[in-house]
Amino acid sequence: MEAFTYKRGQLFAEGVSVAELAKKFGTPLFVYSRSHIQEQYRSLIGALKELDPLICYSVKVNTSAAIINTLAKEGSGADVVSGGELYRAMKAGISAGRIAFAGVGKTTAEIEFALKSNILFFTVESEQELERISAVAKRLKKTARVALRVNPDVDPKTHKYISTGKKENKFGMDLNRALHNYALAARLPNIEIAGLHMHIGSQILDATPFAEAAMKVASVATELKKLYPTFRYLDIGGGIGIRYKPEQSPLLPATFAKAVVPILKPLGLKLVMEPGRNIVGNGGILVVEVQYVKQGPSKKFIIVDGAMNDLIRPALYEAHHEVIAVKQAKKKTRGDVVGPICESADFFALDRELPDVKQGDLLAVMSCGAYAMSMSSNYNSRPRAAEVMVSGKRAALVRRRERIEELVCGETIPMAW
Ligand SMILES: Cc1ncc(COP(=O)(O)O)c(C=O)c1O
């Protein structure tokens, strides 16, 4: 579903005018489409129905409680990577028994919190982490279910910063040592071998790397199932790519399923998936207001009130986001869309054909549902943007704009110095 479309020359989020939302809630403003998120979830579940998967929405992608709760109501579990994300996921309505805890650096406190909450399983990234989880579980008299994360050494052909399944990446354990590490896990107290995990990267537009990785782990998983009666989950991570540019073809759930189902089905394991971007990426926009239009000696700058602290992806990955006018503009211009932050990397678009907007006009930065608000910061002491969720003709403020006083509320000045 296209969540954001023009009606009579005005951009709408489902049935709600984006200009009206900006007027009511101010800018910069994230706007999310609930229906889009629901449809993306249902289409993935539908494509994989033969495997009856457990979808664990990857909370890092967008931590909004309203989004997590929307997915919880669809039946989703969660993939979390910190104590904070575990807390958020449970608070937003996901039961701990449907939560997988990933990440290379889990602290003792985080492991304790997860064990006490009785999560589904830990995805374990190193031998030392396995030993720590075992020790904490023993102390708490709990059993820790674990799925070792293997690194299948597959090139997902995506940006190097979001490639996670090549041998030079910090993630997972060498697939060749998997059987050895499972034997270690089996010897450790208070550990239950629950499954195997992998995640090869993000924004992957071709199903081939997924099939390649699935093939690589399939024989190991078969062997493990024979060796350990409790081995029952195969978690293949997230990574399905979306359309950021009009000419891009997203990786459709049906194409993905066609490539992996024939490899996974014969294994007879419970499939777990951790999608994020695919569920929420195109379900969000960032609405910004033009503050100034400045003609430089060589190009034009459209200076808006959103910035790299709201959306870091262009600065971090040189990621492309479409920028469109909220009120459709026939006249075009060429230039950069930049924010007010004191960094030359503070841009949303560079040397692009753009709507010919003027001071006070609104722009929408598209595909901002994923890795946008959740990666935002207070850099340049900018309060975080507000978030609105739309459902049909209804709109609700799901996170109010941060207040300027909140920027300093945790700080103290040592008086005696
Ligand atoms: C372990 C793990 N699972 C799932 C995801 C979500 O990936 P995506 O948003 O590409 O679906 C990530 C993202 O980095 C991840 O690290």
Side-chain angles (χ1 to χ4, degrees), residues 37 40-41 43-45 47-48 53-64 67-68 71 76-82 85-86 89 94 98-106 114 119-126 129 146-152 154 156-166 169-173 195-207 209-210 213 217 233-244 250-253 256 260 271-284 312-313 316-317 319 367-375:
I37 294 165
Q40 289 299 106
Y41 178 88
S43 113
L44 187 59
I45 279 272
L48 294 166
L54 169 63
I55 301 287
C56 287
Y57 165 65
S58 192
V59 168
K60 68 173 80 68
V61 179
N62 190 320
T63 58
S64 159
I67 288 180
I68 302 172
L71 291 164
S76 182
D79 149 55
V80 303
V81 289
S82 67
E85 284 192 359
L86 173 58
I94 297 197
R98 295 169 85 75
I99 297 180
F101 194 153
V104 293
K106 300 173 194 79
I119 62 161
L120 179 62
F121 57 70
F122 293 92
T123 69
V124 181
E125 307 243 6
S126 66
E129 185 195 327
V146 299
L148 302 199
R149 177 168 179 176
V150 295
N151 184 327
V154 164
K157 298 192 178 62
T158 185
H159 191 282
K160 64 178 183 206
Y161 289 176
I162 50 175
S163 160
T164 54
K166 285 162 76 178
N169 300 134
K170 70 181 174 185
F171 302 97
M173 304 174 180
L196 183 142
H197 175 240
M198 66 172 175
H199 169 74
I200 59 171
S202 196
Q203 184 53 13
I204 303 168
L205 290 167
D206 176 6
F210 289 107
V217 300
Y233 297 109
L234 179 59
D235 181 343
I236 60 167
I240 299 180
I242 60 165
R243 175 185 284 135
Y244 281 99
L251 175 51
L252 297 172
F256 172 79
V260 299
L271 178 69
V272 181
M273 263 207 86
E274 303 166 348
R277 191 190 304 269
N278 166 257
I279 305 284
V280 294
N282 279 325
I312 190 89
R313 296 188 72 255
L316 191 59
Y317 316 121
S367 311
C368 278
Y371 303 102
M373 183 59 166
S374 63
M375 291 177 107

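Ligands are counted one by one from 1 in listed order, and the atoms in each one are counted from 1 as well. Every value quoted in this text rests on a predicted model; they were computed, and no experiment measured them.
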Looking only at distances, please establish whether an N/O atom of ligand 1 is found under 3.5 Å from an N/O atom of G239.
yes
In a check of side-chain contact (heavy atoms from CB on, under 4.5 Å) between L196 and each of T123, L148, V150, which one passes?
V150
Aromatic ring pairing F210/F256, orientation class (parallel under 30°, perpendicular over 60°, tilted between)
perpendicular
Please could you name the atoms of ligand 1 that P275 approaches to less than 4.0 Å, counting only its heavy atoms?
11 (O)
Does ligand 1 have an atom under 4.0 Å from some heavy atom of N278?
no
As a quick check of understanding, evaluate side chain to side chain donor-acceptor pair (under 3.5 Å) for Y244 and R277, giving each step before the final call.
CA-CA 11 Å; Y244 281 99; R277 191 190 304 269; 2.7 Å; yes
Would you call K60-E85 a salt bridge at under 4.0 Å N-O?
no
Quick one: look at H199 and ligand 1, take heavy-atom pairs under 4.0 Å, and tell me if it's side chain, backbone, both or neither.
side chain
Any atoms of ligand 1 less than 4.0 Å from a non-hydrogen atom of G276? List them with their elements.
8 (P), 9 (O), 11 (O)
Qualifying residue, where the test is side-chain contact (heavy atoms from CB on, under 4.5 Å) with N278 and the options are I240, I204, V61:
I240
Proximal ligand 1 atoms for V61, defined as those under 4.0 Å from one of its heavy atoms
9 (O)
Looking only at heavy atoms, is any part of S58 under 4.0 Å from ligand 1, and if so is it the side chain, the backbone, or both, or is it neither?
side chain
Closest non-hydrogen atoms of E125 and E129, given as atom of the first, atom of the second and distance, are N-OE1, 3.0 Å
Shortest non-hydrogen contact from I200 toward A213
CG2-CB, 3.9 Å
Taking only non-hydrogen atoms of R277 and a 4.0 Å limit, the atoms of ligand 1 in range are 8 (P), 9 (O), 11 (O)
What do you reckon, does S202 have a nitrogen or oxygen under 3.5 Å from a nitrogen or oxygen of ligand 1?
yes
Could you list which atoms of ligand 1 come closer than 4.0 Å to a heavy atom of E274?
1 (C), 2 (C), 3 (N), 4 (C), 5 (C), 6 (C), 11 (O)
